[in-house]
Number of protein chains: 2
Amino acid sequence: MEQTLTISIQDYLKHIYELTDRGAPASTNALAERLKIKPASVTGMIQKLAASNPPLVEYQKHQGVTLTKDGKKAALEVIRHHRLLEAWLVQTLGYSWDEVHEEAERLEHVISEDFERRIAAAMGHPLRDPHGELIPTADLKMPLDDSTPLSALRPNQTGTIQCVKAADDELLRHLESLGITPGASIEVKEYSSYDHNLTVKVGKKTSVLGLNITSKIFVEES
Amino acid sequence: MEQTLTISIQDYLKHIYELTDRGAPASTNALAERLKIKPASVTGMIQKLAASNPPLVEYQKHQGVTLTKDGKKAALEVIRHHRLLEAWLVQTLGYSWDEVHEEAERLEHVISEDFERRIAAAMGHPLRDPHGELIPTADLKMPLDDSTPLSALRPNQTGTIQCVKAADDELLRHLESLGITPGASIEVKEYSSYDHNLTVKVGKKTSVLGLNITSKIFVEES
DNA sequence: ACAATAATTTAGTCTTACCTAAATTTTATT
DNA sequence: AATAAAATTTAGGTAAGACTAAATTATTGT
Ligand SMILES: [Mn+2]
Ligand SMILES: [Mn+2]
Ligand SMILES: [Mn+2]
Ligand SMILES: [Mn+2]
């Protein structure tokens, strides 16, 4: 059998990894939405991946999918490529953090292991990508993430921004204009229990952020 | 209609361009060999490309194919990507000229026009790739090539090596060890009319080269 | 000019990865 | 516990792009 990891399969595994990040299996519908294909098609592929040798996913009808050891390894491989590429595009070609995603999305599937090693070495083996996301190590382990969502902080708490988990480039540009980028120090000023808005201060700028944003920003408390 | 230029199609067009470089149409068999697929499959694709709107190739049964204006433009686009990528890989990631081809072969189909512009600018818009091949310009014209094959030179003639048209990495490493790389000065010492061997001197090294090699090395006479 | 050989094309299959429409769970609501 | 709604799966297609085997055309050496 020995599954060839087609670009499609790589994308399935990557998205399953991200959806199962916090324990629960990934649903057919959630996967379909992410992959921008129809749920019926997802079922077909999932069944194939579960039946392959070795199986790449664990699957029970109507219960969603999780990755097997092999599937996880393959997913981390793609994610490592993606994040290293993003870092490299920013560092060597002057891409901004809102421009890199699309390009990395295509390149991640075609670069060689040699290319991966070369860019990793050229950058001094970075730990995070331009959005602050952790880069899986060369031996395909995901480093531990000790950050908390900004949405969990309350007035007077402060922290350092670790990571912004957003794909929308408009939002990324907006956050950058507010100084909200990895490495910045942030202080929570106010909290509204009605709409969960947080008033935060970064540098000299004060901003009011809704939950849909604060839940995507991850900080290390200080 | 508006053909989507799939990776397969891009490869066909690129190889047709190279095969028709000196006027004559490309034969089905020659294309099949280059693309490493069966002649029967080539016929099918060629017919599709000739029937597409706009047509990308000109084709008459048993007479081979040539590129139309549109096909040529698409081919030059891919070739520009390939050669810029090769130059980029050598200049920024330390690849050697025998290692770049494979990697560029996959990347050429997935980089954006933005990526193309950025690497071209970063390198100062190079005219040639690491093998000395001319890079099509940003507006997709192939610069004039005024070089002659080394095989056409005779004793006492000298020149500067412009380009080595070889894909075989062993051969490339061998030539490099002989000092035969773009930019090097070369002098023809002897010629054997029996086997068309040339004895050449580059730097302090003297080598005897067969026609299969000398026909792949292009020089500018001096 | 004609058979032998080489090149090319046709016809019919296969695989991958999608789709739509219809059937079947599962889950949520009363 | 019954039913409505939502999620999932099945069944039957389609499109690309390859393959094999067989048929057809060209080319070549005598
Ligand atoms: Mn890798
Ligand atoms: Mn990222
Ligand atoms: Mn281009
Ligand atoms: Mn080259």
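Chain naming here is simple, since letters A, B, ... match the order of the sequence lines and numbering starts at 1 in each. Values below: every heavy atom of this structure, side chains too, minus hydrogens, waters and symmetry copies.
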- line: Residues passing the side-chain hydrogen bond (donor to acceptor under 3.5 Å, both in side chains) test with His174(B), sequence neighbours excluded, are none
Euclidean distance, atom [atom1] of residue [X] to atom [atom2] of [N] [Å, nearest integer]:
X	N	atom1	atom2	result
Glu33(B)	dA6(C)	CD	P	15 Å
Gln60(B)	dT8(C)	CD	P	15 Å
Ile46(B)	dG17(D)	CD1	C1'	14 Å
Leu5(B)	dG17(D)	CG	C1'	15 Å
Gln10(B)	dA16(D)	CD	C1'	15 Å

message: For a quick check, with a 4.0 angstrom heavy-atom cut-off, what is the B/S/- contact string for nucleotides 11-24 of chain C, read 5' to 3'?
response: ------SSBBB---
message: One pair to check against side chain to side chain donor-acceptor pair (under 3.5 Å): His81(B) and Glu86(B). What are the steps and the verdict?
response: CA-CA 9 Å; His81(B) 288 188; Glu86(B) 286 194 345; over 6 Å; no
- request: Tell me, with the steps shown, if Tyr95(B) and Trp88(B) meet ring-ring contact (aromatic ring centres under 6.0 Å, His included).
  value: CA-CA 9 Å; Tyr95(B) 277 76; Trp88(B) 176 246; over 10 Å; no
query: What residues in residues 14-30 of chain A put a non-hydrogen atom under 4.0 Å from any atom of DNA chain D?
result: Ser27(A), Thr28(A), Asn29(A)
message: I'd like to know if Glu33(A) pairs up with Lys36(A) as an ion pair, taking the criterion as any Lys NZ or Arg NE/NH1/NH2 lying under 4.0 Å from an Asp or Glu carboxylate oxygen.
response: no
- request: Ignoring backbone atoms, test whether Lys61(B) places a side-chain nitrogen or oxygen under 4.0 Å from the OP1 or OP2 oxygen of dA7(C).
  value: no
field: N or O in side chain of Gln63(B) less than 4.0 angstrom from dT8(C) OP1/OP2
entry: no
Partner set under salt bridge (Lys or Arg N to Asp or Glu O under 4.0 Å) for Asp114(B), not counting sequence neighbours: Arg118(B)
query: Can you list every pair that meets side chain to side chain donor-acceptor pair (under 3.5 Å) and has a residue in residues 6-21 of chain A, with sequence neighbours left out?
result: Gln10(A)-His109(A), Asp11(A)-His109(A), Lys14(A)-Glu105(A), Lys14(A)-Glu108(A), Glu18(A)-Arg34(A)
task: Evaluate the ring planes of His196(B) and Tyr191(B), with Trp represented by its six-membered ring, and classify them as parallel (under 30°), tilted (30 to 60°) or perpendicular (over 60°).
output: tilted
Return all side-chain donor-acceptor pairs below 3.5 angstrom for residues 144-152 of chain A, not counting sequence neighbours, or 'none' if the list is empty.
from, atom 1, to, atom 2, distance (Å)
Asp145(A), OD1, Ser147(A), N, 3.0
Asp145(A), OD1, Ser147(A), OG, 2.8
Asp145(A), OD2, Ser147(A), OG, 3.4
Thr148(A), OG1, Val219(A), O, 3.3

